[in-house]
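Working notes, structure below.
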Amino acid sequence: MGKNNIRIKKNKNQILKHIYGQGIALIVLIVIIFFWETKSPQKILMLYTLVLAGMIFYLFFYIHHLLLLLETYENSSLLYQDSLEVLENINIYIVDLNLYYLYMNKSDISFMEKYFGCTPKVGDNVSKYLPKLHYDLLKVKINNALSKGVQTSSDKLNYKGKDIYLYTFYSPVYNTKGQAYAVCCITMNVTESVNEKKKFKELIYQDPLTSAYNRRKIYDHYNKKIRKTNTKVWIIVFDLDNFKKSNDNYGHSVGDQILKDFTKVLHSELPSTSIISRIGGDEFCAIVEDTIYEDIVGILSSIKMGMHHEFFYGVSVSMGEVYADNTYENDLDHYLAIADRRMYNHKKSQKR
């Protein structure tokens, strides 16, 4: 935008220079004519003829040049505008300091028609088209750009139950005196990129067999969410008893189905906010927040009952739990070791 404005300014200056040049040349010629009026009539006639021929040549030459400059100016303006119109999925609009539209490209108009049900027009205030909440947020971002320079924002828009993700640049527009008189807003629809990133995260964090989380996820969650805020949580480990025997007797397909069914039991009994991960062959772990001990006891009992109600080919489950009350100081392995000891003690007590 800045380069285009400079180019247009240069063309204007060239046009003005030629106009001024013609004016000065005419003044000089008039002075010469008045000077020669005191001379002989023959010389005056000859001078008039030469002056007239020169003026005609001069005017034709510079009118032609002037037309070329005007054409260049118009073409550069059209080229600049057209280059903004061909950008797909990139919405460009410019507002003045009072949030009146100075410009918007076709992509922005289509975006407003689709998501807000309106067709913005140059000269109207943005408040005419945006809900108050959106308008107030935009006003804050515009003011930040005017006071701090170029700003960016990531926004989420819900449209027919689906999330639309937008990334916007807010850049002040300055005049020749260095004063900001408008803000250029460039918005890109990055929904596809965000969704692809989510799918990628699911792939790296998901156990492909059971669709539960994997070991990486539970460690990352503990370190990035739990430990940083010193959140108190319950950590529960699960180990399927007689799984290897059942797997050998009935085949791997049955073993896989047992793991899938057990994952369903965990998801149905544990709170929906729990992080459930498969951390080994037949070993699972869950991080449970905002739950008291009595509720944990009831949940573990329900999981055992769920195993009895399903057809698990003689497979049962052993569990061990620990209340992690100082997650900032202790890593996940510290609490897993405690929960493992309690689980194996529970196994030993069952065999007696």
- Task: Quick one: do V95 and N125 satisfy side chain to side chain contact (heavy atoms under 4.5 Å, CB included)? Show the steps, please.
- Result: CA-CA 9 Å; V95 295; N125 194 278; over 6 Å; no

Hey, can you tell me if [X] and [Y] have their rings parallel, tilted or perpendicular (30° and 60° cut-offs)?
X    : Y    : answer
F116 : H134 : perpendicular
F111 : Y115 : tilted
W234 : Y293 : tilted

Between [X] (side chain) and [Y] (backbone), is there a donor-acceptor pair under 3.5 Å?
X    : Y    : value
T168 : T187 : no
S147 : N144 : yes
K304 : V317 : yes
N230 : Y328 : yes
S110 : K106 : yes

- Item | Derivation and outcome, side chain to side chain contact (heavy atoms under 4.5 Å, CB included), residues I303 and F262 | CA-CA 9 Å; I303 290 172; F262 179 66; 4.2 Å; yes

Does [X] pair with [Y] as a salt bridge, N-O distance under 4.0 Å?
X    : Y    : answer
D256 : K260 : no
K141 : D155 : yes
R216 : D220 : no

From [atom1] ([X]) to [atom2] ([Y]), nearest 0.5 Å:
X    : Y    : atom1 : atom2 : answer
N214 : I204 : CG    : CD1   : 8.5 Å
L266 : T210 : CG    : OG1   : 9.5 Å
C285 : R278 : SG    : CZ    : 14.0 Å
N143 : K148 : CG    : NZ    : 10.5 Å
I287 : L270 : CD1   : CG    : 12.0 Å
L102 : Y181 : CG    : OH    : 8.0 Å

Check [X] against [Y] and note the closest heavy-atom contact, atom names and distance.
X    : Y    : value
A339 : I235 : CB-O, 4.2 Å
Y101 : P120 : CE1-CB, 3.7 Å
I236 : E321 : CG1-CB, 4.1 Å

[X] and [Y]: side-chain donor and acceptor closer than 3.5 Å?
X    : Y    : answer
S107 : N91  : yes
Y219 : D333 : yes
Y165 : N189 : no
Y129 : D124 : yes
S318 : D241 : yes

- Could you walk me through whether I92 and D108 pass side chain to side chain contact (heavy atoms under 4.5 Å, CB included), step by step? CA-CA 6 Å; I92 301 175; D108 185 62; over 6 Å; no

- Query: Hey, mind stepping through L240 and L259 against side chain to side chain contact (heavy atoms under 4.5 Å, CB included) and telling me if it holds?
  - Reply: CA-CA 9 Å; L240 296 181; L259 295 173; 3.7 Å; yes

- Message: Take a 6.0 Å sphere around OH of Y213 and say whether it holds more than 12 heavy atoms from other residues, nucleotides or ligands.
- Response: no

- Message: If the test is side-chain contact (heavy atoms from CB on, under 4.5 Å), which one of L138, I94, L146, V173 qualifies with V183?
- Response: L146

- Task: Using side-chain contact (heavy atoms from CB on, under 4.5 Å) as the criterion, point out the one residue from L336, T327, T231 that pairs with Y222.
- Result: T327

- Query: Would I226 and L332 show up in the same hydrophobic cluster when neighbours are defined by side-chain heavy atoms closer than 4.5 Å?
  - Reply: yes

